[in-house]
Number of protein chains: 2
Amino acid sequence: MGQPSTRDTILDAAQRIAAERGAGRITLDEVAKESGLSKGGLLYHFAGKEALIKGMLERLIERSSVVREEHSRSLAGKPHATLRALLATRNRDDVLDPHVAMAILAAAAEQPTLLDPLRQHIAYMREQIIAESGDQPAFWLLWAAADGLLFQQLLGVEPYLPEQRDAMHQQLQLLAEGMLK
Amino acid sequence: MGQPSTRDTILDAAQRIAAERGAGRITLDEVAKESGLSKGGLLYHFAGKEALIKGMLERLIERSSVVREEHSRSLAGKPHATLRALLATRNRDDVLDPHVAMAILAAAAEQPTLLDPLRQHIAYMREQIIAESGDQPAFWLLWAAADGLLFQQLLGVEPYLPEQRDAMHQQLQLLAEGMLK
DNA sequence: TTTACTATACCGTCCAGTTGGTATAGTAGC
DNA sequence: GCTACTATACCAACTGGACGGTATAGTAAA
C-alpha cells in the first residue's frame with residue numbers, strides 16, 4: 001500500500017474525532033488540525049461539513065463492497081453466496097476497520113437523510129439476496145446479528161469481553177452455515 | 001395512567017427532535033419549543049444539555065428494566081430465564097417504544113462517556129446471564145441479534161420491510177428457544 | 001499555468017447557559 | 001384571617017463563545 005491520499009487522511013481524522021469526542025462533535029477546525037491541514041486545505045477537498053460526512057459514508061460503502069465482492073467471487077456458484085459473503089465481510093477488521101463505520105453514527109447525528117446512500121445500498125443487497133436465497137426471516141436475522149455486533153462495538157456496549165469478539169464472529173459463521181445448510 | 005410529568009413531556013420532545021433532525025441536533029431551544037415550555041422552564045427540570053440526555057438514557061434503562069423484570073418473573077425457575085426475558089423485552093413496542101432508544105444515539109453523538117450508565121447496566125446483565133446460563137458465545141449472539149434489530153430500526157437501515165418486523169422478532173424468539181433448548 | 005495547498009482574518013448564526021424576574025400554592029405565626 | 005415567608009414551576013431577554021463558511025494573499029511543485 002502506498003501512502004494514503006489527502007482525502008483519506010482527512011476522513012481518518014474525522015473518524016478519530018467522532019470516536020473520541022462523539023459522533024456529533026465533528027468540527028471542521030478540529031478535523032483540519034487533526035489531519036495536519038489548514039482549514040482552507042480541508043475545504044479544498046470537501047465542500048463543507050455535509051460533504052465530509054457524505055465522503056465518510058461513501059468510503060464505508062465502497063470499502064465494504066470491495067471486500068464483499070472478493071468473498072462473493074470465492075463463493076461463486078455455492079448456495080447463498082451473497083448472504084455468506086456479506087456475513088464474512090463483517091469479520092474483516094484487518095481490511096475494514098470498525099472506526100470506518102463511525103460514518104454511520106456521524107451521519108445519523110448530523111442529518112438522517114445523509115444515510116440515504118447506505119439505505120440504497122442495503123436495498124440493493126436485499127434484492128440480490130432475495131433473488132438468490134428467497135425472502136426468509138431467518139436470513140435477515142443473521143444480517144441483524146452481524147449489524148448488532150458492529151453497532152455494539154461502535155458504541156462500546158458489548159456484553160461480551162473484547163477477547164471474545166473473534167469467538168462471536170466464528171459463532172455467527174457457524175450458525176449461518178447451519179442455517180444456510 | 002395519569003398525564004405524563006413535565007419531565008417526561010420534555011424527554012418525549014427531545015426524542016422526537018432526535019429522530020427527526022438527527023441524534024446530534026438536539027438543541028435546548030428546540031426542545032423547549034417542542035415541549036411547550038420556555039427555555040428557562042426546561043432548564044429548571046434539567047440542569048443542562050448533558051443532564052437532559054442523561055435523563056433520556058436513564059429513562060430508557062429504567063423502562064426496559066421494568067418490562068424485563070416482568071418477563072423474568074413469569075419465567076422464574078425456567079432455564080435461561082434472564083436471557084429469555086431480555087430477548088422478550090425487545091419485542092414490546094407497545095410498552096417500550098423504539099424512539100426511547102434514540103437516547104443511545106443522542107448520547108453517542110454528544111459524548112461517548114454518557115453511555116457509561118448503559119455500559120454498567122449491560123455489565124450487570126452479563127453477570128446475571130453468566131451465573132444462570134454460563135458464558136457461551138451463542139448466547140451473546142442472540143443478544144447481538146436483538147440489538148441489531150433495534151439499531152437497524154433506529155437508523156432506518158433495515159434490509160427487510162417494516163411489515164416483516166414482527167416476523168423477525170418471532171423468528172428470533174423461535175431461534176432462541178431452539179438454541180436455549 | 002494549474003493543482004494543491006498554507007495562513008490568517010473575518011462574518012453571521014446558532015446555541016448553551018445565565019440572569020432576573022413572575023405566578024401560584026402552601027405554611028407558620030400571630 | 002391576615003402577613004411574611006418559602007418552594008415550586010415556570011418565562012423572557014440577554015450574553016458570550018463556538019462553529020460553519022467565505023475571502024484573500026501567497027507558496028511550491030509538476
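Note that these values count all heavy atoms, side chains included, but never hydrogens, waters or copies made by symmetry. The structure presented is a predicted model; accordingly, all values stated were derived computationally and were not measured. So you know, we letter chains A, B, ... as the sequences are listed, proteins then strands, and number each from 1.
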Would you mind listing every salt bridge (Lys or Arg N to Asp or Glu O under 4.0 Å) that reaches into [range], with sequence neighbours excluded?
{"range": "residues 51-62 of chain B", "value": "B:D8-B:R59, B:D12-B:R59"}
{"range": "residues 130-146 of chain B", "value": "B:R126-B:D135"}
{"range": "residues 138-154 of chain A", "value": "A:R90-A:D147"}

Holding to salt bridge (charged side-chain N to carboxylate O under 4.0 Å, His left out), I want the full list of residues that pass it with [X], two or more places apart in sequence or in another chain.
{"X": "A:R119", "result": "A:D116"}
{"X": "A:D29", "result": "A:K39"}
{"X": "A:E30", "result": "A:R21, A:K33"}
{"X": "B:E127", "result": "none"}

Between C:dG17 (P) and B:E50 (CD): distance, integer Å: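 My rounded result for the distance is 8 Å.
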Of residues 9-30 of chain A, the positions that come close to DNA chain D - non-hydrogen atoms, cut-off under 4.0 Å: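 Within this stretch, A:I26, A:T27, A:L28 sit under 4.0 Å of the strand.
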Positions of residues 37-48 of chain A (non-hydrogen atom under 4.0 Å from DNA chain D), listed by number: A:K39, A:L43, A:G48
Pair listing, ring-ring contact (aromatic ring centres under 6.0 Å, His included) test, anchored in residues 107-151 of chain B, at least two apart: A:F151-B:F151, B:H80-B:F139
Segment of DNA chain D, first to last nucleotide, that comes within the 4.0 Å heavy-atom reach of chain B: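 So the contact region on DNA chain D extends D:dT8 to D:dA12.
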For A:H45, side-chain hydrogen bond (donor to acceptor under 3.5 Å, both in side chains) partners two or more places apart: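 Not a single residue meets the side-chain hydrogen bond (donor to acceptor under 3.5 Å, both in side chains) criterion with A:H45.
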Pairwise side-chain contact, A:S133 with A:T82, heavy-atom cut-off 4.5 Å (strictly under): no
